[in-house]
Amino acid sequence: MTQTTETYDEAIELLKNDNVRITKQRTSMLDYLFNKRDYYVPITEIDHKLRQEFSRMSYETVYRNVEMLEELHVVETRMFNNGLRAKYQCDFNNINHSHFICENCGKVVELDQPSIDDVKKKIPNFQIEKQHYEVMGLCDECVKKLNTDK
């Protein structure tokens, strides 16, 4: 079994352990996000895909499922300039991990977090409650496209 299959199976187990019904709609959403796991996908794109497959599904149902999956740490969400986006959780063993996130296409690259000891040295008398580290910008493909469009 490959690592990527293990993480998919792990997501299904997380849902089962929390007594969440494994419906066709939820597995379709997980499949879609899993196949785009290196990107934050606009909620509207998820909605469009699912409503093509399940015509009676509402935007509210899609949004509620994304919220529920985020609470269970199966997906991550971030607000972009053009709206909310969701991404399949890439590391179930380390929920508080770091990313570079392309603000244009939503591409994600995992990063190592800076050492907490280095942070403590810079603010020695502060009490650190939690650490969250993200780098935002444009990925190499978006930079190339931006430069060729000029």
Side-chain angles (χ1 to χ4, degrees), residues 1-55 57-116 118-119 128-150:
M1 183 184 295
T2 65
Q3 176 60 30
T4 54
T5 304
E6 287 173 7
T7 61
Y8 185 83
D9 293 342
E10 197 171 354
I12 297 296
E13 282 305 308
L14 282 169
L15 295 178
K16 287 179 182 176
N17 291 341
D18 211 70
N19 296 318
V20 174
R21 284 186 30 232
I22 309 301
T23 63
K24 290 178 185 177
Q25 292 88 344
R26 286 188 182 125
T27 54
S28 183
M29 180 184 289
L30 281 175
D31 289 345
Y32 187 69
L33 290 169
F34 182 77
N35 288 321
K36 293 180 172 275
R37 64 189 166 274
D38 294 330
Y39 291 87
Y40 275 95
V41 180
I43 299 295
T44 53
E45 184 178 315
I46 299 166
D47 177 59
H48 179 73
K49 190 272 181 215
L50 290 173
R51 288 172 66 177
Q52 284 181 331
E53 195 174 342
F54 307 100
S55 60
M57 191 172 197
S58 70
Y59 178 80
E60 290 77 20
T61 301
V62 172
Y63 188 81
R64 272 195 316 273
N65 274 282
V66 168
E67 277 186 324
M68 180 265 304
L69 291 171
E70 181 179 33
E71 287 174 13
L72 295 174
H73 302 290
V74 174
V75 300
E76 304 171 14
T77 62
R78 296 289 182 276
M79 184 58 76
F80 283 67
N81 290 336
N82 58 354
L84 187 66
R85 293 184 179 205
K87 184 183 100 41
Y88 188 82
Q89 176 64 261
C90 53
D91 189 350
F92 290 105
N93 297 317
N94 183 17
I95 300 300
N96 298 314
H97 54 278
S98 301
H99 295 136
F100 166 84
I101 302 171
C102 180
E103 293 177 297
N104 185 52
C105 71
K107 183 176 184 175
V108 175
V109 177
E110 282 194 68
L111 302 172
D112 292 329
Q113 289 197 83
S115 163
I116 192 68
D118 292 340
V119 174
I128 299 171
E129 301 292 330
K130 57 185 165 180
Q131 180 182 5
H132 181 79
Y133 181 72
E134 287 183 336
V135 178
M136 307 291 282
L138 297 176
C139 69
D140 56 345
E141 293 172 18
C142 289
V143 168
K144 286 178 193 171
K145 186 174 185 215
L146 183 68
N147 290 334
T148 58
D149 289 346
K150 288 183 179 179

With heavy-atom distances below 4.5 Å as the criterion, would you say the side chains of [X] and [Y] are in contact?
X: Tyr59; Y: Ile43; value: yes
X: His99; Y: Glu110; value: yes
X: Lys49; Y: Ser28; value: yes
X: Leu30; Y: Leu15; value: yes
X: Gln25; Y: Leu50; value: no
X: Leu69; Y: Arg26; value: no
X: Tyr32; Y: Val41; value: yes
X: Leu14; Y: His73; value: no

To the nearest 0.5 Å, what is the distance between [atom1] on [X] and [atom2] on [Y]?
X: Glu71; Y: Asp18; atom1: CD; atom2: CG; value: 9.0 Å
X: Asn19; Y: Asn17; atom1: CG; atom2: CG; value: 8.0 Å
X: Asp38; Y: Cys105; atom1: CG; atom2: SG; value: 10.5 Å
X: Thr61; Y: Phe54; atom1: OG1; atom2: CZ; value: 12.0 Å
X: Phe100; Y: Glu134; atom1: CZ; atom2: CD; value: 11.0 Å
X: Glu45; Y: Tyr39; atom1: CD; atom2: OH; value: 11.5 Å

Check [X] against [Y] and note the closest heavy-atom contact, atom names and distance.
X: Asp140; Y: Lys107; value: OD1-NZ, 4.3 Å
X: Val66; Y: Val75; value: O-CG2, 3.7 Å
X: Cys142; Y: Cys102; value: SG-SG, 3.7 Å

Self-check item: Leu33 and Met29: CA distance, side-chain angles, deciding distance, side-chain contact (heavy atoms from CB on, under 4.5 Å) verdict
Solution: CA-CA 6 Å; Leu33 290 169; Met29 180 184 289; 4.0 Å; yes
Quiz prompt | Check: Thr23 main-chain N/O paired with Thr27 side-chain donor or acceptor under 3.5 Å | solution = yes
Quiz item: Crowded around Asp149 CG? As in, over 12 foreign heavy atoms under 6.0 Å?
Solution: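 For Asp149, atom CG is crowded (more than 12 foreign heavy atoms under 6.0 Å).
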Quiz item: Does Arg85 make a cation-pi contact with Phe80 (under 6.0 Å, within 45 degrees of the axis)?
Solution: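 Yes, Arg85 sits over the ring of Phe80.
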